[in-house]
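Structure record follows, encoded as structure tokens.
As the structure is a prediction and not an experimental result, all values here were calculated from the model. No hydrogens, no waters, no symmetry mates; every other heavy atom, side chains included, goes into these values.
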Amino acid sequence: MPAHNTEIADALDQVADLLELERANPFRVRAYRNAARAIRGLGSDVASLLLRGEDLPAIRGIGKDLAGKIKELASTEHLPLLDELRTHVPPVALELLRLPNLGPKRVKMLCDKLDIHSVEQLHRALLDSRVRELPGFSTGIEKKLLQAIEERPKGPARFKIAAVEGLVAPLLDHLRKAPGVDKVSVAGSYRRCQETVGDIDIVATAEKGPPVTRWFTRYEEVARIAAAGDTRATVVLRSGLQVDLRIVPAKSYGAALHYFTGSKAHNIAIRRMGQERGLKINEYGVFRGRRRIAGETEAEIYRAVDLPFIPPELRENRGEIEAAAADRLPKLVELADLRGDLHAHSTATDGHNSIEEMAAAASAAGLAYIAITEHSRHLAMAHGLDPARLRRQAAEIERFNGGRRDITVLRGIEVDILEDGALDLPDSALGELDLVVAAVHTRFNLSRDKQTERILRAMEHPHFTVLAHPTGRLIGEREPYDVDMPRLIEAARERGCFLELNAHPDRLDLSEVHCRMAKEAGVLLSIASDAHRTGDFAYLRFGVGQARRGWLAPQDVLNARSLRELRPLLRRTMA
DNA sequence: GCCGTTTTCGGCCCGACTGTTTTCAGTCG
């Protein structure tokens, strides 16, 4: 069994953790972390490349040694170095590293001096006051660790972007009223439109920091103050969301926003470029010697290292800096580029609004067309349509289109892909539609090979148009089913069909890595809301955020096309 | 472990907060 990119990346990250525990050269540790991140974000599957006899692409930061280890992992799923390192510390060490205030040094101390082998043992040692006696520990750390362990199961580790929106807006309102505050902006992974965020980073400008951090820590939703200084503070809200605030003077706003937006890997690369030009870049600005030469806007920071502005969604050090230097950054898709939505439901199945209401809401959202794509009969719990009901709905849609000019409703279906790869409705019914969106809703646990074959067989169907939510994942609730996405993308390219980027904030399926993979293969993506009620068209903005992280430009998006341009694409040309 | 117009050694991004180590190590982002 070959290992795939995420497994290779996980193994490299574990090597980094274990090396850190051994106090290895920190730059060696960083090399493993960089490699893990690079492999995780790679647009092609390493194991498949090797199977085809191709070599690893040249990646900055991956030299001869790491390339060898990656290939070994890809082909054998094993790495002798990792097995060796694992014998040096108890397995719990990796778990302890994830607790706040526990870094490699303190974890090593706990394992060596107190013989800790589980989080429960650590908890007991803390309660027995055995931990505070160790060098590097104190009653303060003891208290924080106890709190971290006791609160650990509560609240999700990462928050979905839609949930965070509702928490952030009132906090920003509060901060804008702080004494002496001018600008307030959210930075961090939220600004980069990551699908989930671990915490929220906020940058504010003010001449005097202390009154602002005081104002911030007194926000009524604050459950706990983790740290509070003159220019930065960290709190945990009652919801469990951690918020970091950084206050800088106005002239440092761009530098601070850039620094706090990250990603860390992107920042390191930019600062390194600064170094090469004799500049020092920090959150206060760009400096030549002691003289500040830039810092008020982000564009100035990039200009200082001879780059155009790089959109936050691309800042992962996955090639965006090289692309910017070569003036080859994509012009990223925007919400306003979307002309329609190819996945929506109505009351005929599990939706909450009529076709008329859905169409009116879509029109109000600026769309020129939507497809009504109900579930098919196999999904009985959603009252899926059989051929007769589908035909009646098609007639209803015809009548609707006859009476409206602002929006066109396309006749579609979200047909189940059955376990053997057949579609849940007969050709005669599917052939009368404008498009066929197909999806897996059952048997998520098939083996990778079987799941892949199942979907490939469905794609061969002459009426198959779009593969909906291609991995079936529900963020934080259900893992993606095991499927060979590079093969599906290749098959979609060959067969002239499309993949969906489901914009529902619980799904965001495809991932940004697979979006980019599809783009590079020339496969168009349908950014679709999967709306079940009129308000759900607002989800499209989350899909656009994900699409931007996947480097998609308007021309890479199926529904960024006008209805006229779209129609011929929906007709499959089968050999 | 990577890298090189400073190329096979000697660097590798940079700063804030905490605790208590009154000058800095550990952790975090």
Classify the side-chain pair [X]/[Y] by whether it contains a donor and acceptor separated by less than 3.5 Å.
| X | Y | answer |
| --- | --- | --- |
| A:Glu316 | A:His266 | no |
| A:Thr261 | A:Arg191 | yes |
| A:His78 | A:Glu72 | no |

Would you measure the distance from the [atom1] atom in [N] across to the matching atom in [M] and give it in whole Å?
| N | M | atom1 | result |
| --- | --- | --- | --- |
| B:dG4 | B:dT8 | P | 12 Å |
| B:dT20 | B:dC13 | C1' | 28 Å |
| B:dA16 | B:dG11 | C1' | 25 Å |
| B:dC9 | B:dC14 | P | 26 Å |
| B:dG1 | B:dT5 | P | 23 Å |

Rounded to whole angstrom units, what separation is found between the [atom1] atom of [X] and the [atom2] atom of [N]?
| X | N | atom1 | atom2 | value |
| --- | --- | --- | --- | --- |
| A:Arg271 | B:dG29 | CZ | P | 15 Å |
| A:Lys108 | B:dT27 | NZ | P | 13 Å |
| A:Arg191 | B:dG29 | CZ | C1' | 16 Å |
| A:Gln147 | B:dT18 | CD | C1' | 15 Å |
| A:Leu85 | B:dG1 | CG | P | 10 Å |
| A:Leu21 | B:dG26 | CG | C1' | 14 Å |
| A:Asp201 | B:dA16 | CG | P | 16 Å |
| A:Ile268 | B:dC12 | CD1 | P | 13 Å |

Of the candidate nucleotides B:dG26, B:dG1, B:dA16, which contains the atom at the shortest distance from the side chain of A:Phe27?
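Selected nucleotide: B:dG1.
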Residue-phosphate contact under 4.0 Å: [X] side-chain N/O, [N] OP1/OP2:
| X | N | value |
| --- | --- | --- |
| A:Arg232 | B:dG15 | no |
| A:Lys64 | B:dC3 | no |
| A:Gln242 | B:dG29 | yes |
| A:Ser138 | B:dG19 | no |
| A:Lys69 | B:dG1 | yes |
| A:Thr231 | B:dC17 | yes |
| A:Asn282 | B:dG15 | yes |
| A:Gln275 | B:dG11 | no |

What's [X] touching, base or sugar-phosphate or nothing? Going by heavy atoms closer than 4.0 Å.
| X | answer |
| --- | --- |
| A:Ala35 | nothing |
| A:Pro104 | sugar-phosphate |
| A:Gly63 | sugar-phosphate |
| A:Arg30 | base |

Relative to the 5' end of DNA chain B, which residue comes earlier, A:Gly140 or A:Leu102, by the nucleotide with the nearest heavy atom?
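In this pair, the answer is A:Gly140.
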Closest-nucleotide 5' rank along DNA chain B - winner of A:Ala227 and A:Val29:
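First, find each residue's nearest nucleotide; the 5'-ward one identifies A:Val29.
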Parallel, tilted or perpendicular: ring planes of A:His174 versus A:Trp215, cut at 30 and 60 degrees:
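Aromatic pair A:His174/A:Trp215 classed parallel.
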Base paired to B:dT8 (Watson-Crick or G-U; both N/O distances under 3.5 angstrom)
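Answer to the pairing question: none, since B:dT8 forms no Watson-Crick or G-U pair.
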If the test is side chain to side chain contact (heavy atoms under 4.5 Å, CB included), which one of A:Leu18, A:Asp13, A:Leu81 qualifies with A:Tyr32?
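Answer to the side chain to side chain contact (heavy atoms under 4.5 Å, CB included) test with A:Tyr32 among A:Leu18, A:Asp13, A:Leu81: A:Leu81.
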So, A:Asp55 and A:Lys71, do they make that salt bridge, N to O below 4.0 Å?
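Here A:Asp55 pairs with A:Lys71 in a salt bridge, since their nearest N and O are under 4.0 Å apart.
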For A:Tyr302 and A:His258, I'd like to know if the aromatic rings sit close, meaning centre-to-centre distance below 6.0 Å.
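Here the rings of A:His258 and A:Tyr302 have centres that are less than 6.0 Å from each other.
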N/O donor-acceptor pair, side chain A:Tyr259 with base B:dG29, under 3.5 angstrom:
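Indeed, a donor on one side and an acceptor on the other fall under 3.5 Å apart.
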May I ask you to verify whether the side chain of A:Asn25 and the base of B:dG1 hold a donor-acceptor pair under 3.5 Å?
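When only heavy-atom distances are counted, A:Asn25 does reach the base of B:dG1 through a donor-acceptor pair under 3.5 Å.
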